[in-house]
Each structure stands twice: as C-alpha cells, then as structure tokens.
2 protein chains.
Amino acid sequence: MAGKPTVYDVAAHAGVSIATVSRVLTRPEDVRASTQERVLAAVRELRYVPSGSARGLASRRTGVLGLFLPGVDAVEDLSDPAIDADRPVEVRLDPARPGQRLGADLYFEAVLRGCELEAWRQGFSLMISVGRGRSPESLEIALSDLAGKVDGLAVIAQSAPHDVLKRIGDSIPVVYLAGQRSGDDFDHITVRNREGMRALTEHLIDAHGIRDPMYLTGPFDSPDDAERYGGFAEALEGRGINPTALPVLHGEFSRERARAVAADLIAGGRLPRALVCANDQMALGVLDALGAAGLRVPDDVIVTGFDGIDDGTRSTPRLTTVRQPMLELGRAAVRAMVARLNAPDLAPANAELPVTVLLRESCEGPLPPLP
Amino acid sequence: MAGKPTVYDVAAHAGVSIATVSRVLTRPEDVRASTQERVLAAVRELRYVPSGSARGLASRRTGVLGLFLPGVDAVEDLSDPAIDADRPVEVRLDPARPGQRLGADLYFEAVLRGCELEAWRQGFSLMISVGRGRSPESLEIALSDLAGKVDGLAVIAQSAPHDVLKRIGDSIPVVYLAGQRSGDDFDHITVRNREGMRALTEHLIDAHGIRDPMYLTGPFDSPDDAERYGGFAEALEGRGINPTALPVLHGEFSRERARAVAADLIAGGRLPRALVCANDQMALGVLDALGAAGLRVPDDVIVTGFDGIDDGTRSTPRLTTVRQPMLELGRAAVRAMVARLNAPDLAPANAELPVTVLLRESCEGPLPPLP
DNA sequence: GTGAAAGCGCTAACAC
DNA sequence: GTGTTAGCGCTTTCAC
C-alpha cells in the first residue's frame, strides 16, 4: 500500500466491502453502528482522505461552487519592490503621494465572504477566480476551466463577456450578480439601486429643501450607476424638478478624481447646496476637498454617497449613504445556485435585494450618538 | 447524446479518437494543426467543457490549490436585518455607535489576492475555506474535505489545529503561513516581524531620543505579536534600556480597545513620549483617543503601528508603521506549494519575507509630500 | 445491512 | 501523429 490509501485499503483494513466504506462516509445512517466504527477506525489509522475527483466523477457533482470576480485592477503592479532585496528590513521615509493609487479596494470582499459563508452552510466548497486584465481568449479558457470543476458558477456583472457565459450556462447553472438581464436565461440577483437613490434624493428634497442637487457619476458603462442616476432623476421629476437642467459631473468612482472635481467646483465658485455621489469613494473624495477648503458639511454643502462602506463611518462628518447588502448578495448567489441545482427546470429567477438609506451627519448634521 | 457532451462525443464529431481530443486540449503541439482545428470546431459546436473530476482522477492532479483562512469573527451576525423586510428601501437615521464592531476587516484579503494572482500565473485554480467558529470536528471535516479536492494547501497560522494539519500533510503538501514552526515538516513562510519591530524601535531611540516607549500588545496567543515584542525588547536592550521595566498594555489588536486604553492613559496622566503598537488598527485607535483629547502627534506623543494597512495613510497624521508584504505572502505560499509538488522530497523550507519600516508623520512630523 | 459489479469521463502508456 | 486500452478511486444500482 504505497502511495495514498484508497477505499480498497480502508475496506480491507476494516474487513468490509468498498461499498460499505463509501456508505459510512456519505450516508452513515444506512450502516450498522458497529460496522461504522470499524470503518472509521480504519479511516483514521490509514489517514484516508477521499479523492474529491473520484467522488465528483462517480457522483456527477463536485460539491464545489465557483465565484468569478471582475479584475482587480493592476494588482500585478502592487508587488512590493523591497521583496527582492536581500536585507530583511528596509527603513525609509514614506512621504505622502497625493495621487497615489492604493491597493485596489476589494469592493467585492463582502460578496466573497457571503458566498463562502453560505457555501459552507450548504455543504459546498468555494472556488474563486478573477477576471483580471486577461485577453478575451485566456478569459474564456479560465472560465471554461472553472466551469469544469464546479457545480454552479456565480459571476459578478461585467467580469466576463456574455457569450462565453451563455456557453457555460448550458453546462452548469450560472447566477449573474448585480447586472441587468440582457437576453440570457441566468438567475439574476441585483440590488435596489434605483429605489435607494430615489429615496435618498427625495429625502434631500423633502427634508432639506434641496432643489438643485448636483450628481457625481461613475464610469459611463456602469449599469449600477445608470440605475442610480435613474432613481435620482425620478425623485426630482416626482417633485416637479427637471433633472436634465442640472449639471452632472464625472468622478469615475474614484476618491481621487472626485476630490479633484470638487476642488474645481470650489475654485470656480460653482458649489451647489448638495452633492449626490454615485458611490461612497467619490463622496469621501468630495469631503476631502471640502475639508481642505474649510467648508462645512452639511452646513455649507450636503454630501451623500452610495454603497455603505466602512470608511463612510470613519469620515468627518460620517457619510449619509445607501447601504448595499453585499454580504447578502453573496449569500443569495449561493442560494440561487443550490436552488437551481435542485430544480434545473424552473424559470430563470430574478431577485432584487433591498437597500437601506442611512442618514448620517453629512446631511443631517449632529446626531446624538447611541450609547 | 443527451446530457453533457464527453470526449467521446467530441471525438466522434471530429472523426478522431478520444486520445486525440485529450491531446488537443492538453498538449496541442503534439497534434497536427489540421486535426487540431477539427477537434476545436467540434468542441465549440458541442459546447464541450471537460470534466475537472475526470481529469483529476485520471491525471492524479486536480490543478487546484487550497487556502485555509482563520475564522473571520462573527461574520454570521453581520447579516443585514433589513433583508427580511418586504419593502425594497428602508430609510433611517444611523447615529454613531461608538463601540460598534464593524465588518471584520479582512486582514488577509491581500494574502488571498496574492494567492489568486500567483495561482493563476502557475495555472492553478484556487479554493478557499474559512475556519470560522467551527467545532473541532467540523473543522477537521472541512479541512479533510478540502484536502481531498486540492493538490496543495496553504494554511494561515492558528486557523487550524496542528494535529489535523499533520494528518493532511502526509496526503498533500501543506504550507504554513505566518506562524512558528512547531515540530512539523511543512514549508513555512513568515515575515520579519522581529527585525521589523527592532528596526522601528531603534529608530525611535536613535532619531527621536525615546527612552521609555510603551508597548501595546495584541492577544496573548499571537506568535506574530510575540516576535514583534521580542524585536522591541532587543532594540531596547541593545541601547542599554531594560525592557522589563517598561509597562505593556493590552489592546487585543482592536482599534476600539486601543482607543479605550489610550483614553485611560490620558485620563490618568500616564502618557509616555511614544506608544509602540503591535498592529496598525490599535495605533489608529490610539490616534483617535489622542485626537479627541486634543493632543498633538508626534509633538506630544509619537505613535507607531505594524502591518501597513491602507487606513494608516489616510489617518491624520499618517501612521509610521512596518509594512508586511501580505500580497507576497500569498504569492510565496503558492510558489512553495508548486515547488513542493515538483519536488516532494526536498527538505522542509523556511522563507522569511522582508518588511519595510515606513516612517511617516506620526513619528517624523511634517514631511514634504511627493508630487 | 452488506457485497459485487458496472461505470463516471478522462489521461497516459503503449502500439502502430 | 494518431488510435487502443487500461486504469484513476469513487458512487450507485442491484442482488442477496
């Protein structure tokens, strides 16, 4: 018995058949307690670890779910330059670099955590893969490779081309996260971007009398942002304000860009009473610029974000925002995959997760802190 | 040909043998170009996705590496309470909750990114699993399950009991990250905790004349922290200062706890000239407390951290720290696994990654920002 | 409750 | 360069 032990070794050791070993490991209740113990003892003694591949092949399910994330930009360049040095410690001054691109804020970290959590609960393992700046071909290979190893695949919007996903989709269930349906049969899970931004904007109008909020958008191709802007516009229209008359600025979802944009606004004296940002990062950038200029939030300008990232509770003032349930997004993705595995013929499902508008000091002014 | 297509289907469709199909997909250079095209065409047409399980079983390598992370605490309780509500949007005031435990800062996110990056480069997929607050048994099951599905396993220190790991270790290569060797044969990858803290402390003594720094420790059972404190003590001894005469405080690696501890210090008038914290989170907590008390950093007190998290560059003042190459840790883990797979009989390896002491405003005072 | 036997879909020798 | 043939280590009927 050189090499790893197999069911045969365990069976021989315990004096049973391989079928019984298999039963003990998968449906113990079908086996007499005494036999069970003998087998388990053999398993321990031989340090037997069942082969996932053999199991997957025989049972036609791998017990693994896949998560495909969009390319975290430029992560390749983050390698520490000091790493090649021979000395174990380098000491150096590290002056501030204003435009510095920090390690990509893994916006989807919470989704990943949600997936892992729910996968664990459902008895699945989780495999992850990142789109990165790959060529279309290598992206296709990566996806198809992943697809061959999992029972279901969750894909975050815009991380992979639709045609490739469709091909994979008739091999295993695909769940599409946070993106619009576009002629596919996948299960979709999205977040109430539109309703969230509408509610927030309505609050600004109704409670704070804002009639000319300025909107700070993200990238042009973000469907999330499109929905958010839609909600913003709807709120205005609903209150008799023409949204097309209001200027819109572009911040590319970047804190740095937003800071610069806001600084320009301040310099030009074109600051509105309220700046509605399509995400928190940009809102924080706006706060940076406003703070640097000595302006007061919300007294001089109201600032709001979207997403509900932690940093928004550590800024001064804390950021009013719309929180997305990112963890829930991951959990819902796994649930959807499992549901689909159990019922492959159901019609494609759509789930839209609720959001929460969190009113904090950046629009409300001082709030009494909770104990 | 109902159900998923297999090699046989593709072979028949292309008019070749299954061996040739396999070759085209694994070693195309062994196949005539014209045959290749025929096969590839059949693959596309049938939407063939090779079964990872069958491949793994036949070739005895899964092409998957595993990463086992420590339990991200209480992630289970983070579920958004609003999620059960029927309405798509909830609007509510969100006052500050001082003691609030925010979403666990996934300290190991960068390790994960490094693993994914390097795994991709090396042609492997990555499977992740989290220790969470599992019972010892279920932890063992989870690990052994994972072990059956991967070619190698990277484990972050203290996420799993040593005996379980040893069992797994003679089934597949195990790489142990950021922990001390303790009678195991794993490859180990650590970071120069000791040297980093020693260099930082020496700088405080030599450049700033600090003779009585106070140390803020993490949990008792953290080997990382033990090393760091060791470096701190060495630096002092090397300069003729007796470290045991200096008080040590306990902050549990928590920002909140550190804030409270520092507040006590301030209230009691026992503030030293320098507070050396075992991690950045605690150093940030100290900055919080100092800021609230109107004290100036570094004029009144010098504060230093350890880790090099992004938030340390966004605090006021920015935090002097020792940066750990977390991304590199992940990359090194994957490289170690791959190396071990290619040479199983090599002696257990030890790699210690260099760190960088980053001197910033929290000890140096104003630095001219880089353009 | 347990065993015998037939695959699951691929890769890897080995022939040709 | 390509085909034939054995397995890889399990799960799963189907008997008993």
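The figures here come from the full heavy-atom set of this structure, side chains too, leaving out hydrogens, waters and symmetry mates. Computed from a predicted structure; not experimentally measured.
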Who pairs with [X] by salt bridge (Lys or Arg N to Asp or Glu O under 4.0 Å), at least two apart in sequence or on another chain?
| X | result |
| --- | --- |
| A/R340 | A/D187 |
| B/E37 | none |
| A/E45 | none |
| B/R23 | none |

> What pairs of residues pass the side-chain hydrogen bond (donor to acceptor under 3.5 Å, both in side chains) test when at least one of them lies in residues 58-68 of chain B, not counting sequence neighbours?
Replying inline: B/T62-B/D151

> Along DNA chain C, 5' to 3', what are the outermost nucleotides having an atom less than 4.0 Å from a heavy atom of chain A?
Replying inline: C/dG1 to C/dG9

Return all side-chain donor-acceptor pairs below 3.5 angstrom for residues 341-351 of chain B, not counting sequence neighbours, or 'none' if the list is empty.
from, atom 1, to, atom 2, distance (Å)
B/N342, ND2, B/V338, O, 3.3
B/N350, OD1, B/R181, NH2, 3.1

Side chains of residues 153-171 of chain B: which donor-acceptor partners sit under 3.5 Å, not counting sequence neighbours?
from, atom 1, to, atom 2, distance (Å)
B/Q158, NE2, B/D221, O, 2.6
B/S159, OG, B/I156, O, 2.5
B/H162, NE2, B/S182, OG, 2.9
B/H162, NE2, B/D184, OD2, 3.1
B/R167, NH1, B/E140, OE2, 2.6
B/D170, OD2, A/R47, NH1, 2.5

>> So if I take residues 48-64 of chain A and measure heavy-atom distances to DNA chain C, which residues fall below 4.0 Å?
In response: A/L57, A/A58, A/R60

> Going 5' to 3' on DNA chain D, which nucleotide is the first and which the last to come under 4.0 Å of a heavy atom in chain B?
Replying inline: D/dG1 to D/dG9

> Can you pull the ring-ring contact (aromatic ring centres under 6.0 Å, His included) pairs that have at least one residue in residues 6-62 of chain A, sequence neighbours excluded?
Replying inline: none

>> Between the side chains of A/E328 and A/R335, is the shortest nitrogen-to-carboxylate-oxygen separation below 4.0 Å, so that they form an ion pair?
In response: yes

> Hey, can you pull the residues of residues 22-35 of chain B with a non-hydrogen atom under 4.0 angstrom from DNA chain D?
Replying inline: B/R23, B/D30, B/V31, B/R32, B/T35

